[in-house]
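Each chain gets a letter, A, B and so on, in the order its sequence line appears, and its residues count up from 1.
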Amino acid sequence: MSRPDISVDICGVRLKNPVIAASGTYGFGEEYTDLYPLERLGGISCKGTTLQPKDGNIPPRIAETPSGILNSVGLQNPGVEHFIKTDLPRLKKQDVAVIANIAGAGIEDYAETAARLDETDVDIIEVNISCPNVKQGGATWGVTCAGAESVTKAVRNATKKPIMIKLTPNVTDITEIARAVEAQGADAVSLINTLLGMRIDINTRRPILHNNVGGLSGPAVFPVAVRMVWQVHNAIKLPIVGMGGISSAADAVEMMLAGASAVQIGTAIFNDPYVPIKVSQGIERYLSDNGIAKVSDIVGQVRPWE
Amino acid sequence: MSYFCGSYPIIEKKALAGQIYSYTLLCPQIAENAHIGQFVQIKAEGYMLRRPISICQTDKEKGTLRLVFEVRGGGTDKISQLGAGDMMDIIAPLGHGFTLSDAPNGKVIVVGGGIGVPPMLDIAKKYGENCTAILGFRSFDRIILDKDYFATGARTVLCTDDGSVGIKGTLAAPLKEELKSGAAAVYACGPVPMLKAAAEEARLAGVPCEVSLEQRMGCGVGACVVCACTVIRDGKKQVLRVCKDGPVFKGDEVVF
Ligand SMILES: Cc1cc2nc3c(=O)[nH]c(=O)nc-3n(C[C@H](O)[C@H](O)[C@H](O)COP(=O)(O)OP(=O)(O)OC[C@H]3O[C@@H](n4cnc5c(N)ncnc54)[C@H](O)[C@@H]3O)c2cc1C
Ligand SMILES: Cc1cc2nc3c(=O)[nH]c(=O)nc-3n(C[C@H](O)[C@H](O)[C@H](O)COP(=O)(O)O)c2cc1C
Ligand code: FES
């Protein structure tokens, strides 16, 4: 049998393999090139970018947990103009899909950031709706249908680029939110963002994170992510980029069987920077071993019990 | 600056004082590229995050790296179970090390406190008699690497918090004294209050100072901006990464 086809199409953008570095864990694609070229990845989701530069939270910004981590970076980033001038030209010289990840405190920030990116050659705009809505007492946009809808609508009106809404798992029913963003013209969804968590040092009685609480990621969240991807796959028609705790090719295949067309990998890279490459090679091996011609043939192919 | 990621053989393991261990790894590529003040990220089996540990000594001819660390929690405990002949999985060399002139205009002073003592050993070795090493420990039974420092030829001043050996109290007083006869540079590694005091004494004496900072890390290579530290550089407040822009910073730019 010839080599299986591991390329995928996400809202019209071709990725040579289904593995994307997750936003916030891979910077702007510069730091791991000592080990291997960025082009080994299918895509990179860049660090969350805001209209203005942001300094982020006071450290410590990370705490270890059983099989995972909590982080509270607070969206430190050099701002969208810096991204467009400095990082994007370098990224676009490489054969890798470039996903800009945007965040905002208000609707206008999201819209303006998306409008700036509309004039560039980023491939996809991923919209992080797990940010506090500053005008509404700081509750996260993505936890209500109304909040998720308003961000999606504003970004949709600001750009013709493919937009991928990144869903938060900190909700009662993720399918409602998924349907809401689908109805407002999203081209794809990605999930899951981090789960809100907390760790306390029992000797000092202080939370380990200076922000007190932070987002849980890594293998600890994997089963939650698989469940949510499966639920969303059953609820909407848009392509899904699945993530949350993937650390092996078997995990990635599981996520794709649940309904993901491609995957993102974040936390596992801190432990082993080669994970994205091992995953894409392992997916190819799984396909050959099982006589499957293309990776898209496994998407959503879980056989649930009746 | 380039780094590597892989498993390298442990050719020597020694128990120093308390729960402090010294490991020597054979890793010629890393040794070749390493600078004084850089660090490694060690994988601890069963833990998500690697542990950042400074390079204590590099032998470019033998192709070896020496690491000295104290067991603090689960991850360092797990790593300390490795023995000679085992492999250690590291990412190294990482970060921005000390600025070390080949012909300093006067003597250099190194200040090391506790587990901040090991990373300074190669500075003492580089400058030998042209170096004064002021080393602080909690008590006599916590003293490490004193013989290694003596062997470099550097004038070595020991201090303990309880006065059980050497000068009693913090390193600030002996540093102030040492600065009276002038110096080309001060290099410091240890707890934050000590770094702050060293930076302040150096500033008062008009001597350039560099300090090595610690912060909790994720990637260790500059990608996740988890390891933030605030500095005033070029008159502007900037939030930099301890793992990539540091761990060594100018003493007078750090906002402690
Ligand atoms: C650049 C740098 C160089 C260092 N060099 C040395 C050295 O040469 N020798 C040595 O003994 N120690 C050194 N440390 C401190 C060492 O990294 C911590 O003691 C170690 O990570 C603690 O891990 P643990 O599993 O024992 O503790 P745990 O408390 O179980 O660790 C939990 C988490 O917190 C992190 N953490 C805890 N304390 C620290 C700390 N002080 N700094 C950074 N992260 C921390 C751990 O890495 C881990 O992610 C250095 C730290 C940094 C940042
Ligand atoms: C340190 C860190 C920073 C992150 N920053 C962002 C971000 O800026 N924007 C975003 O949408 N998600 C961010 N995330 C979430 C990840 O992209 C991903 O959704 C999550 O970590 C789950 O995947 P994982 O378990 O593979 O890490 C961040 C995660 C981590 C660990
Ligand atoms: S630890 Fe990731 S940027 Fe420093």
Interatomic distance, B:C224 atom SG to A:F270 atom CZ [nearest 0.5 angstrom]: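 Nearest 0.5 Å value for the SG-CZ distance: 4.0 Å.
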How about [X]: does its [atom1] atom have over 12 heavy atoms from other parts shown lying under 6.0 Å from it?
X: A:K16; atom1: NZ; value: yes
X: A:R206; atom1: CZ; value: no
X: B:K250; atom1: NZ; value: no
X: A:I58; atom1: CD1; value: no

What heavy-atom pair brings [X] and [Y] nearest, and what distance separates the two atoms?
X: A:D34; Y: B:Y3; value: OD2-N, 2.8 Å
X: A:K47; Y: B:V225; value: CE-CG2, 4.5 Å
X: A:P60; Y: B:R216; value: CB-CD, 4.0 Å
X: A:N271; Y: B:Y47; value: ND2-O, 3.1 Å

Closest-packed option against chain B by number of heavy-atom pairs under 4.5 Å, given A:T65, A:D55, A:I208, A:T267: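 Winner by heavy-atom pair count: A:D55.
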Please classify the contact of [X] with chain B as side chain, backbone, both or neither, using a heavy-atom distance under 4.5 Å.
X: A:I269; result: neither
X: A:P273; result: side chain
X: A:Y32; result: both

Can you tell me which residue pairs pass the salt bridge (charged side-chain N to carboxylate O under 4.0 Å, His left out) test with a partner in residues 267-278 of chain A, sequence neighbours excluded?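 The answer is A:D272-A:K278.
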Just to be sure I understand the criterion: a residue of residues 48-72 of chain B counts if one of its heavy atoms is under 4.5 Å from a heavy atom of chain A. Which ones qualify?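 Interface residues of residues 48-72 of chain B: B:M48, B:L49, B:R50, B:R51.
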Under 4.5 Å, heavy atom to heavy atom: which of residues 232-240 of chain B reach chain A? Give them by number, or say none.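 Within residues 232-240 of chain B, the residues that come under 4.5 Å of chain A (heavy atoms only) are B:K237, B:V239.
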Would you please go through residues 71-81 of chain A and name the residues with a non-hydrogen atom below 4.5 Å from one of chain B, in numerical order?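 So the qualifying residues are A:V73, A:Q76.
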Salt bridge present between B:K244 and A:E30 (N-O < 4.0 angstrom):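 Salt bridge absent between B:K244 and A:E30.
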Give, as side chain, backbone, both or neither, the part of B:F4 having an atom under 4.5 angstrom from any heavy atom of chain A.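 Looking at B:F4, just its backbone touches chain A.
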